[in-house]
Amino acid sequence: MSRNFIHITDFTTEEIKSTLDLAIEIKKKVKSGTEYLPLKNKTMAMIFAKPSARTRVSFETGMTQLGGHAIFLGPKDIGIGKREAVKDIARVIARYDDIIMARLFDHKHMLELAEYSTVPVINGLTDLNHPCQIMADILTVLEHRKHLDNLKVAFIGDGNNVANSWINLAARLPMHFVLAAPGGYDPDPTILKNAREAGLSKVEIVNDPIVAVKDADVIYTDVWTSMGQEEEKAKRLKAFMPFQVNSELIKHAKDDVYIMHCLPAHRNEEITDEVLESKNSIVFDEAENRMHAQKAIIMKLMEE
Ligand code: CP
Ligand code: NVA
């Protein structure tokens with residue numbers, strides 16, 4: 001059976017660490033122009049049911065740089081789960097291609113894709129989680145801090161797919177993770193329970209962003225209205241406004257706190273222009289690292 005990367009917790013702590021090491025090694029190669037083409041004649045199918053900039057471009061470019069090829073299948077191409085059953089798509093594409101990356105709405109569809117595919121499946125985001133993003137994020141934190149000891153991450157905003165993947169990471173790497181969210185916007189309860197039961201990290205949910213950012217090494221935020229929630233936008237804007245990452249909030253954090261955002265940002269909603277463009281912001285290093293982290297994830301899965 002092929003290995004998949006559907007949740008951060010599909011990798012052990014050791015596998016996460018070795019994937020980060022590999023990402024650093026692969027990044028060095030590309031920066032120094034060292035030829036590294038381990039995926040010659042290998043093809044990735046990229047299935048997108050939702051829009052994307054970073055995920056598509058970083059995976060496609062990453063495959064090219066590894067000597068392989070990627071095929072983009074947009075929302076109108078496959079109609080996964082609508083035009084054709086997920087389990088049929090899984091078995092057909094696995095007959096052509098060596099690896100599948102998918103961005104889907106329903107997490108159950110991702111699980112079904114992985115169940116029926118005979119080649120590795122990588123989750124490029126579902127309504128539940130976004131594991132590739134968080135591998136890139138922790139790589140970025142590691143590069144900037146040089147270590148991951150005594151890490152405190154304050155996630156300000158929605159307990160969404162990105163927050164869920166951070167909490168999954170907390171089940172594998174020790175950290176203090178605090179989510180400041182308005183009532184009713186909590187993360188997935190099972191993911192939260194599992195992370196707490198793993199006993200490695202302190203995982204807190206609070207209602208006050210000022211409390212959350214105290215002594216944090218990283219302040220992280222994401223959109224208040226994720227893809228697929230557009231009809232809730234007005235309600236969400238109102239609920240989340242007190243959770244905006246702005247200069248006033250940053251005053252309560254350490255001077256050298258890192259500001260992170262998975263992007264795309266809704267500027268002056270969840271984060272102000274000023275903070276996003278500040279010297280503390282590492283959002284573009286973070287975006288770049290999507291590609292390096294994902295190349296390492298691909299190599300890990302293809303090694304099996
Ligand atoms: N961060 C992220 O996944 O970006 P895209 O939605 O543009 O792929
Ligand atoms: N939470 C956001 C992340 C986008 C990368 C969404 O799902 O739209």
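Atoms within each ligand, like the ligands themselves, are counted from 1 in listed order. Just so it is clear, the model here is predicted, and its values are computed rather than measured. FYI, side chains are in, hydrogens and waters are out, and symmetry mates aren't considered; it's all heavy atoms of this structure.
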- Item | Under 3.5 Å: N/O of Met227 near N/O of ligand 2 | yes
- Please check if atom NZ in Lys27 has more than 12 non-hydrogen atoms from other residues, nucleotides or ligands closer than 6.0 Å. yes
- To the nearest 0.5 Å, tell me how far Thr9 OG1 sits from Ile191 CD1. 7.5 Å
- Message: Please determine whether side-chain contact (heavy atoms from CB on, under 4.5 Å) holds for the pair Ile167 and Phe155, giving the CA-CA distance in whole Å, both sets of side-chain angles, and the decisive distance to 0.1 Å.
- Response: CA-CA 10 Å; Ile167 297 170; Phe155 191 113; over 6 Å; no
- Message: Quick check on contacts: which atoms of ligand 1 are under 4.0 angstrom from a heavy atom of His130?
- Response: 2 (C), 3 (O)
- Item | Six-ring centre of Phe11, Arg172 cation under 6.0 angstrom, axis tolerance 45° | no
- Message: Salt bridge check, Lys29 against Glu25: does any charged N sit closer than 4.0 Å to a carboxylate O?
- Response: yes
- Message: I'd like to check whether Arg103 has a polar contact with ligand 2, where a contact means an N/O of the residue lying under 3.5 Å from an N/O of the ligand.
- Response: no
- Message: When you compare ligand 1 with Gln133, is there at least one nitrogen or oxygen pair between them that comes in under 3.5 angstrom?
- Response: yes
- Message: Can you name the atoms of ligand 2, numbered from 1 with element, that are less than 4.0 Å from a heavy atom of Leu125?
- Response: 3 (C), 4 (C), 5 (C), 7 (O)
- Query: Would Arg267 and Glu277 pass as an ion pair if we require N to O under 4.0 Å?
  - Reply: yes
- Item | Test: Lys50 and Asp127 ion pair at under 4.0 Å | yes
- Query: Do you know which two heavy atoms are closest between Lys42 and Asp98, and how far apart they sit?
  - Reply: CA-OD2, 3.2 Å
- Task: Would you tell me which option among Thr55, Leu128, Asn161 has the nearest heavy-atom contact to atom 7 (O) of ligand 2?
- Result: Asn161
- Message: Checking the N or O distance criterion of under 3.5 Å, is ligand 2 in contact with Thr225?
- Response: no
- Output yes when the distance from some N or O of ligand 2 to some N or O of Ser226 is under 3.5 Å, and no in every other case. yes
- Hey, which atoms in ligand 2 end up nearer than 4.0 Å to a heavy atom of Val223? 2 (C)
- Note: Glu288-Lys31 ion pair, threshold 4.0 Å (strictly below): yes
- Query: Which atoms of ligand 1 are found less than 4.0 Å from any heavy atom of Ala53?
  - Reply: 5 (P), 7 (O), 8 (O)
- Message: I want to know if ligand 1 touches Pro51 in the polar sense, i.e. an N/O pair below 3.5 angstrom.
- Response: no
- Query: What are the two closest heavy atoms between Arg91 and Tyr116, and how far apart are they?
  - Reply: CG-O, 3.4 Å
- Message: How far is atom 3 (C) of ligand 2 from the closest protein heavy atom, and which atom is that?
- Response: Asp222 OD2, 3.6 Å
- For ligand 2, which atoms have a heavy atom of Leu263 less than 4.0 angstrom away? 5 (C)
- Task: Just need the protein heavy atom nearest to atom 2 (C) of ligand 1, so name the residue and atom and give the distance.
- Result: Arg290 NH1, 3.2 Å
- Taking all non-hydrogen atoms of both residues, which atom of Asn207 and which atom of Ala181 are closest, and how far apart? ND2-O, 3.0 Å
- Item | Heteroatom proximity flag, Leu263 to ligand 1, N/O under 3.5 Å | yes
- Note on the structure: Among non-hydrogen protein atoms, atom 4 (O) of ligand 1 lies closest to Arg54 NE, 2.8 Å
- Task: Could you find the nearest protein heavy atom to atom 6 (O) of ligand 1 and give me its residue, atom name and distance?
- Result: Arg103 NH1, 2.7 Å
